[in-house]
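For reference, the structure is listed below as structure tokens.
In this text the structure is predicted, and so the values were computed from the model without any measurement.
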Amino acid sequence: MAGLAALPRAAFALDAVRVTPRSTAIDLTSKIERYESTGDTIQISIAPGRDGIVRRIAVKAREGSTSQGWIAFALTNSSDEQIERLLVVPHFRLVGSGVIWPDLGSTRIAAITASEGIRPEREPSPDADVFQITLDPGTTVTYVAELAAPEVGQVTLWEADAYRRKLNGLTLYKGIIIGIAGLLALFLTIVFVVKGALIFPAAAALAWAVLAYACIDFGFFQRIFLISDQVERIYRSCAEAVLAATLLVFLFAYLHLNRWHIRYGTVSLIWLLFLGALAGFAVIDPPTAAGVSRISIGVLAVVGLALVLNLALRGFDRAIMLIPTWLLLCAWVLAAALTVLGTIDSDLAQPALIGGLVLIVMLIGFTVMQHAFSGGTIAGPHSGDAERRALALAGSGDMVFDWDVPGDKVFVSPEVEHILGLKRGTLGGAALDWLDAVHPQDRDQYRTAMDAVIESRRGRLRRDFRLQSSAGPYHWFRLKARPVIGTDGEVIRIIGTLADVTDAKTAEERLLQDAVHDNLTGLPNRRLFLDRLDASIALGAEDDEWRPTVLVANIDRFKHVNDSVGHSAGDSILLTLSRRLGRLLRPQDTLARLSGDVFAVLLLSEQDDKGIDVLAEQLRQAVANPVTYAEREIFLTASLGIARHDPRAPIKPEDLLRRAEIAVAHGKRLGGDQVERYDAAMRQTTRGDRLGLESDLRRALDRGEMRVAFQPIVRLEDRTIAGFEALLRWDHPRFGAIGPQTFIPLAEETGLIVDLGLFALDTTARELAVWQAALDVDPPIFASVNVSSRQLLKHDLLHDLKSIMSRSPIAPGSLKLELTESLVMENPEYAAQLLTRIRELGAGLSLDDFGTGYSALSYLQRFPFDTLKIDQSFVRELSQGRPVILRSIVRLAQELGLQIVAEGAESESEAIELFHLGCDYAQGFVFGEAMSLAQARDLVGAGRADAA
């Protein structure tokens with residue numbers, strides 16, 4: 001036998017507790033004997049039986065060696081029937097748990113041994129150790145319990161039905177309390193979302209903390225998640241620390257402590273950080289953390305009461321409203337302190353305290369709501385209609401306009417004069433004096449609108465006009481008014497509001513300017529140029545002598561200038577050239593920038609052919625004069641084309657401009673630096689070169705004349721480079737750069753497009769691998785390559801694509817194949833199967849020019865596209881203010897989960913509008929033209945530097 005150390009009474013027999021069939025609950029806490037043991041066996045003297053003999057029994061620990069100790073108690077059944085009872089030892093009991101190093105609960109009893117009779121059996125229970133006790137008639141049984149914790153807490157012998165009725169009653173109560181706490185937390189969270197002020201998230205956080213505390217204290221959390229005793233102690237300790245922290249945050253936010261004294265804010269922040277660290281410390285030492293949390297709650301209640309009373313004496317409304325709730329909180333803290341110290345010893349104390357805490361949070365919620373929805377900003381329920389209107393006007397920020405028509409007296413709010421920098425009372429007086437302050441161009445419309453309202457004696461007036469400030473500039477104001485009719489049926493007053501809309505008008509004018517002007521030079525763009533050309537042609541239809549002339553100037557080999565000195569220098573050179581060309585024109589003429597290095601002139605001031613030739617030569621010489629940039633002289637030449645309108649042969653503005661461009665192309669074939677007049681034979685020359693171009697095109701790849709250019713695709717959210725579109729370019733040895741609109745149709749007809757497409761795919765894939773290695777971003781940078789009908793129908797496409805992707809390590813889906821909807825609809829069933837195979841190989845799929853072909857929506861869901869490209873014709877709708885189809889396409893793509901790329905963005909305003917409509921990406925002139933491989937690498941390198 002191991003050595004024993006028993007309490008003083010251990011040498012005597014136990015006093016047996018009498019159990020009768022009618023007894024429902026017997027508290028055995030004071031009847032048990034406690035024994036300390038350092039071994040795994042204990043010997044005790046049992047209660048005397050019927051013969052009065054005191055015997056000794058030895059009990060061995062069932063779970064190996066233990067140092068937690070033992071308890072023993074004796075029960076006697078003097079009746080003539082068998083009695084069954086439940087021995088209940090709660091895991092956690094707030095009563096008597098203590099303040100410093102509190103008892104946070106655990107399994108209390110490991111096993112129970114009976115001196116005789118039926119062995120006690122453990123009943124399943126998450127909240128307590130429950131054992132089935134059976135007493136035979138006329139027996140006295142001694143029970144020895146092996147402890148699993150240092151403290152045993154409360155020990156009660158319950159009649160089974162009475163115990164279950166108690167549990168059921170408490171379960172209903174606990175469910176009601178948790179339901180109220182949950183609804184309260186949810187309601188305060190909704191209020192926080194609606195109102196947004198700091199006080200509401202603080203109240204919501206406190207409500208959620210109380211809900212969590214109640215769920216853990218009532219065992220609700222433990223029933224959902226099966227956790228060990230140690231983890232439950234950590235959760236209970238953390239819940240008390242969070243409760244203290246959220247109570248501190250609420251007090252700080254509600255009383256605006258930082259506005260009263262900086263020390264309040266500093267102390268609160270330090271205290272809050274301490275409580276946050278305490279919640280983390282609970283993982284290491286839960287009792288210590290719980291004890292400090294309980295002390296913090298008590299201190300916070302006392303300090304908070306002092307602050308509330310102090311601020312209430314100063315007249316702070318919030319503090320006055322919080323007094324009843326905080327007094328109730330102090331009473332709750334006092335009751336909780338008496339409970340944990342054991343002064344209040346009742347099983348109902350613990351659930352009553354939780355219910356009281358929920359009640360306090362409910363009162364806090366009412367206090368917060370009273371503050372939120374009552375005050376000077378909202379009129380009382382008995383306010384009159386005139387008071388409501390006055391409050392609404394004050395809230396809107398608009399200014400009053402009042403015209404006494406019979407008395408001819410105008411009154412405006414002093415804010416109008418303040419905005420204009422005028423002395424008070426300057427704008428008051430007769431209507432004619434007021435009218436003098438209105439911009440001359442707005443006076444007639446203003447006067448007409450006023451007269452119309454007076455004559456009709458009804459209606460509403462809405463008019464924008466300008467008023468001059470004392471400094472000179474004009475401010476835009478919006479007048480919204482209505483007439484007041486007198487008893488004689490005539491208008492006696494016109495009353496309304498004035499709002500300063502100068503910023504909105506300025507933004508509107510800027511948008512209009514950007515829509516029809518070039519962002520770099522400020523010159524009219526192609527749209528405005530064609531509009532003015534159309535107007536001049538219409539004027540020429542009425543006057544045979546009126547012959548508008550179009551001159552197009554294309555800078556020769558300007559791409560090489562960009563490559564050598566950079567795009568910023570190229571922009572500076574273009575700006576210099578635009579100013580030179582503009583100085584040679586007269587006011588009635590129009591200079592426009594059609595694209596990167598192409599300018600156009602609508603010449604109306606000169607009707608003589610000789611004078612036109614002289615001006616064209618002057619324009620050529622203006623370009624030929626060297627441009628100085630960074631102490632370096634740059635020499636340029638230009639090819640000019642001239643096309644004149646003939647009133648006897650009506651022509652569209654686009655066709656007249658096209659004639660001038662054909663003349664420019666003819667001049668470039670002759671070596672550039674030429675001035676050429678359009679002649680019908682130039683079209684024949686273009687057609688005659690077709691056979692030679694076909695022959696040259698067949699050898700272009702072998703000679704290295706083909707190259708791939710890359711046009712940036714920008715992510716609209718942050719204006720970063722998201723990818724590029726690969727475009728084929730042909731540098732012809734004799735004709736220079738030949739556009740894809742010339743050689744792509746020829747390649748399609750001859751079948752050479754297959755080899756060209758394979759070249760573009762291979763080059764793009766290799767370059768994409770270099771970009772992704774240089775720029776490690778998520779999502780990875782991508783590249784798009786156009787696929788022709790011949791490539792799609794060619795059975796080797798899958799094999800070629802697989803070979804290309806195996807040679808270039810690129811991210812899946814980053815190499816996108818672009819197909820037009822008209823192409824896939826040529827054979828939709830075959831296309832659907834082939835596109836699925838392409839996706840399985842790891843390539844992306846982009847539907848190009850959506851909306852310009854079939855727009856077969858039923859098939860669109862079947863094709864595995866991941867990207868949809870919107871044709872630039874729909875982007876043009878933005879400048880017309882009617883983006884109906886564009887908005888519908890964006891909505892459709894979003895519903896299908898497709899990424900959206902908008903083509904042809906030519907101005908910053910269009911880019912902003914596309915972003916607001918929901919487009920993910922955009923490409924166009926505003927983000928840069930197609931660039932060389934080296935320039936694309938430099939751009940990706942810049943993006944990498946920005947990311948770093």
Side-chain angles (χ1 to χ4, degrees), residues 506-538 548-555 558-559 562 567 570-585 587-604 619 623 638-641 643 652-661 664 711-712 714 739 741 870-883 886 902-915 922-930:
T506 302
E508 181 181 341
E509 292 172 358
R510 188 179 298 112
L511 286 175
L512 292 175
Q513 171 76 13
D514 293 343
V516 294
H517 288 80
D518 175 54
N519 287 336
L520 175 63
T521 62
L523 297 175
N525 59 14
R526 179 182 291 268
R527 183 180 299 107
L528 181 56
F529 181 81
L530 288 175
D531 182 72
R532 294 184 179 179
L533 180 57
D534 186 39
S536 63
I537 291 176
T549 303
V550 175
L551 294 90
V552 173
N554 184 255
I555 312 301
F558 189 73
K559 173 186 172 300
N562 273 335
H567 285 276
D571 290 344
S572 178
I573 292 170
L574 290 174
L575 188 59
T576 301
L577 293 179
S578 68
R579 292 172 180 170
R580 287 184 182 179
L581 299 178
R583 285 195 291 265
L584 298 174
L585 303 180
Q588 59 266 46
D589 302 326
T590 298
L591 174 64
R593 185 187 181 202
L594 302 185
S595 61
D597 57 355
V598 180
F599 294 88
V601 176
L602 173 57
L603 190 59
L604 302 178
L619 295 175
V623 176
S639 297
L640 278 79
K652 294 181 179 179
E654 296 85 354
D655 294 335
L656 185 59
L657 178 60
R658 177 60 182 159
R659 290 181 177 181
E661 291 173 338
V664 170
Q711 184 174 23
V714 173
Q741 70 276 8
I870 300 175
D871 188 73
Q872 59 184 349
S873 59
F874 299 111
V875 177
R876 300 285 79 79
E877 293 179 355
L878 292 173
S879 61
Q880 302 171 6
R882 294 181 285 106
L886 177 60
E903 294 182 293
E906 294 185 355
S907 64
E908 181 66 20
S909 59
E910 289 181 353
I912 294 173
E913 285 291 324
L914 288 171
F915 174 71
Q923 63 184 98
F925 177 72
V926 68
F927 300 118
E929 298 178 339

Between atom [atom1] of [X] and atom [atom2] of [Y], what is the distance when rounded to the nearest 0.5 Å?
X      : Y      : atom1 : atom2 : value
Leu575 : Arg580 : CG    : CZ    : 11.5 Å
Arg526 : Ser595 : CZ    : OG    : 6.5 Å
Glu908 : Phe927 : CD    : CZ    : 6.5 Å
Lys652 : Leu657 : NZ    : CG    : 14.0 Å
Leu594 : Arg527 : CG    : CZ    : 12.5 Å
Leu574 : Arg579 : CG    : CZ    : 12.0 Å

Non-hydrogen side-chain atoms of [X] and [Y] separated by less than 4.5 Å:
X      : Y      : answer
Pro548 : Leu604 : yes
Val623 : Leu581 : yes
Val550 : Leu533 : yes
Thr521 : Leu577 : no

Specify the closest pair of heavy atoms between [X] and [Y], including all atoms of both residues, with the distance to one decimal.
X      : Y      : value
Phe599 : Ser578 : CE2-CB, 3.9 Å
Val664 : Gly641 : CG2-N, 3.2 Å
Gly928 : Pro712 : O-CD, 3.9 Å
Val875 : Leu886 : CA-CD2, 4.4 Å
Leu591 : Gly582 : CD2-N, 3.6 Å
Ala592 : Phe529 : CB-CD1, 3.6 Å

Review point. Among all residues two or more places apart in sequence or in another chain, which pass the side-chain contact (heavy atoms from CB on, under 4.5 Å) test with Glu929?
Key: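 Result, side-chain contact (heavy atoms from CB on, under 4.5 Å) vs Glu929: Phe925.
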
Point to revise | Contacts of Leu584 that satisfy side-chain contact (heavy atoms from CB on, under 4.5 Å) - sequence neighbours left out | key: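 Per chain and number, Leu584 pairs via side-chain contact (heavy atoms from CB on, under 4.5 Å) with Leu615, Gln618, Leu619, Ala622.
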
Exercise for review: Write out all pairs satisfying salt bridge (charged side-chain N to carboxylate O under 4.0 Å, His left out) with one or both partners inside residues 589-598, taking only residues at least two apart or from two chains.
Suggested key: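 For residues 589-598: Asp518-Arg593.
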
Practice item. Among Asp531, Leu602, Thr549, find the one that has a side chain to side chain contact (heavy atoms under 4.5 Å, CB included) with Ser536. Key: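 Looking at Asp531, Leu602, Thr549, the match for Ser536 under the side chain to side chain contact (heavy atoms under 4.5 Å, CB included) is Leu602.
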
**Study point:** Residues forming a salt bridge (Lys or Arg N to Asp or Glu O under 4.0 Å) with Glu903, sequence neighbours excluded
**Key:**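 With sequence neighbours excluded, Glu903 shows a salt bridge (Lys or Arg N to Asp or Glu O under 4.0 Å) to Lys869, given in chain and number order.
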
Review point. Which residues pass the salt bridge (Lys or Arg N to Asp or Glu O under 4.0 Å) test with Arg532, sequence neighbours left out?
Key: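 For Arg532 there are no salt bridge (Lys or Arg N to Asp or Glu O under 4.0 Å) partners, ignoring immediate neighbours.
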
**Study point:** Counterpart residues, side-chain hydrogen bond (donor to acceptor under 3.5 Å, both in side chains), relative to Gln711 (two or more places apart)
**Key:**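 If we apply the side-chain hydrogen bond (donor to acceptor under 3.5 Å, both in side chains) test to Gln711, skipping adjacent residues, the hits are Gln923.
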
Exercise for review: Using atom types as modelled and distance alone, determine if a side-chain donor or acceptor of Asn525 lies under 3.5 Å from a backbone N or O of Leu528.
Suggested key: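 Answer holds: yes.
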
